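In what follows, a single structure is set out as structure tokens and then discussed.
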Amino acid sequence: MAPSPTGFLHIGGVRTFLFNWLFARGRGGECLLRIENTDTSREVAESVEQIERSLRWLGIDWDGATTFQLDRIERCQQEAERLVEEGAAYEDEGAIRFRMPNDGVTGWDDAVKGRIEFPSEQLEDVVLVRGDGRPTYNFASPVEDWLDGITHVIRGDDHVSNTPKQILILQALGAELPVYAHVPNVFGPDGRKLSKRHGAVSVDEFRAAGYVAPALMNFLALLGWAPDGETTIMSGGELVERFTLEHVGASPATFDYAKLDWMNGVYLRELALDEYAESLLAYLRELGSDWDAQRVRAAAPLVQEKIARLGEFPDFAGFLFHDVEPDPSLLDGTILAAAAEAIAGVESFTADGIEAALRELCDRLGLKPRQAFQPIRVAVTGSKISPGLYESLQLLGRDESLERLRRASGLTGASGSSAR
RNA sequence: GGCCCAUUCGUCUAGUGGCCUAGGACACCGCCCUCUCACGGCGGCGGCACGGGUUCGAAUCCCGUAUGGGCCUCCA
């Protein structure tokens with residue numbers, strides 16, 4: 001991976017690394033994390049930490065310590081000099097260039113795209129080592145592949161045209177060739193490279209929006225790969241077990257945020273209630289929330305089936321933690337006053353008891369539940385959309401519920417009723 | 001401009017010459033369930049880019065066209 005100056009780990013790069021990981025883990029191989037750095041600044045060190053943290057959060061690991069391209073600068077220089085001595089490269093204004101063949105073709109059997117060949121005449125004599133002694137990417141990368149004993153290079157297909165150069169360099173070096181698999185990149189809905197303006201693009205952003213790691217991994221794996229066309233929900237273990245390069249598609253995939261939301265909802269609903277509650281709590285804490293833990297846990301069952309992202313919780317259930325400002329035009333003084341009376345008279349203040357009281361209220365007023373409940377819902381939750389009303393009232397408690405009902409009732413004016 | 005790659009419902013895909021009057025999922029629409037929303041259930045809409053071949057037979061093979069993408073840096 002290339003370190004990004006902002007420290008953000010782009011989701012497209014994550015997906016490519018995920019394919020490497022799935023492939024390696026599924027065949028008992030090793031998976032290395034190499035940073036293709038061009039400098040050794042502090043920013044690089046920080047962005048590497050960021051990359052590692054994001055990867056670990058997602059559930060992706062790697063073997064051994066993270067390595068850096070620049071660590072092999074001396075070895076690269078030695079190899080370049082050797083190539084000059086052997087006539088495979090030559091000096092050019094302080095730099096060292098590789099001598100490309102004049103005729104024939106250079107090709108390989110790509111594990112994703114099939115046979116690819118480039119006419120050698122298309123290949124420029126690439127710079128191996130710059131005038132200042134630093135190796136270029138196209139030299140350092142194959143040298144590292146060779147030194148690390150890489151058997152499979154799985155990378156974005158923007159590297160396709162670099163591959164013949166690297167193959168030729170590897171051959172000149174006397175190295176064995178790895179298998180190359182070029183996976184198509186991920187696009188945004190407009191067919192352009194996925195970027196900020198399409199929505200979240202970094203792992204941190206998805207995390208902050210309330211997506212859970214297994215869902216994100218599942219979704220990413222299905223972007224350009226499918227085991228059979230039927231199965232969609234798969235755990236990391238199943239992914240590892242079923243992943244094959246043969247089933248990676250050769251054409252680019254579009255990132256579908258709606259499908260990610262659906263999938264995240266599936267994962268969220270599958271969690272056991274206590275797991276869900278703890279995830280929700282941990283998520284809110286990460287956001288800097290100080291909402292009462294016990295109440296968050298108590299609210300968990302009211303929202304688990306209703307929200308697809310943890311990030312929806314504050315808007316959806318925030319009324320349980322702070323006061324609300326209902327829209328007066330959606331209120332009805334008569335109904336609210338009656339509701340307050342009914343609530344006040346409930347013997348056991350439970351969802352069931354509240355339901356019974358409110359249903360009785362509907363009968364008395366000659367209203368259907370959906371008609372009578374809307375003003376109540378708005379008065380108590382501040383919104384027309386909310387968790388179940390009875391459960392919400394119970395959690396809020398009798399006193400607070402009455403307080404909100406009465407205050408909202410006052411908002412409707414002295415005349416009392418003005419339902420629209 | 002040159003070279004390389006890609007092209008199945010709006011999206012992710014299954015499909016590797018007959019099982020395809022092209023299957024699944026998301027999205028969308030309708031109905032049911034229902035205190036709102038959501039979940040769930042049922043149903044619907046919707047696709048092999050186009051044109052030539054090859055073959056008894058093509059979404060699947062070949063050629064061309066179109067469209068999209070990538071690379072052409074002493075960037076990675």
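Model, not experiment: these values are computed from the prediction. Within every chain, numbering begins at 1; the chains are lettered A, B, ... in the order of the sequence lines, protein sequences first and strands thereafter.
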Over all strands shown, is A/Asn162 touching base, sugar-phosphate only, or nothing at heavy-atom distances under 4.0 angstrom?
base

Tell me, yes or no, whether the heavy-atom count around A/Arg398 atom CZ, taken from other residues, nucleotides or ligands under 6.0 Å, exceeds 12.
yes

What is the separation between atom CD1 on A/Ile385 and atom C1' on B/U34, rounded to the nearest whole Å?
15 Å

Measure centre to centre between the rings of A/Phe219 and A/Phe255, then say whether the value is under 6.0 Å.
yes

Side-chain-base donor-acceptor pair under 3.5 Å for A/Arg269 and B/C39
no

Which part of the nucleic acid, if any, lies within reach of A/Pro164 when heavy atoms closer than 4.0 Å are counted: base, sugar-phosphate only, or nothing?
nothing

For B/C12, does OP1 or OP2 lie under 4.0 Å from any side-chain N or O of A/Thr254?
yes

Pairwise P distance, B/C9 and B/A59 [rounded to whole Å]
15 Å

Inter-nucleotide C1' distance (B/G15, B/A58), Å rounded:
12 Å

Quantified in whole Å, what is the P atom distance between nucleotide B/G40 and nucleotide B/C19?
34 Å

Need one value for A/Ala95: base, sugar-phosphate or nothing, where a base atom within 4.0 Å counts as base even if backbone is also close, heavy atoms only.
base

Using a heavy-atom cut-off of 4.0 Å across all strands, would you classify A/Glu355 as base, sugar-phosphate, or nothing?
nothing

Without hydrogens or angle criteria, can the side chains of A/Glu121 and A/Asn102 be said to hold a donor-acceptor pair below 3.5 Å?
no

So, is A/Arg130 close to the B/A76 phosphate, meaning a side-chain N or O under 4.0 Å from OP1 or OP2?
yes

So what does A/Thr136 touch, heavy atoms closer than 4.0 Å: a base, only the sugar-phosphate, or nothing?
sugar-phosphate

For A/Gly388, which contact category applies under a 4.0 Å heavy-atom criterion: base, sugar-phosphate, or nothing?
base

Check: A/Thr244/A/Arg27 side-chain N/O donor and acceptor closer than 3.5 Å
no

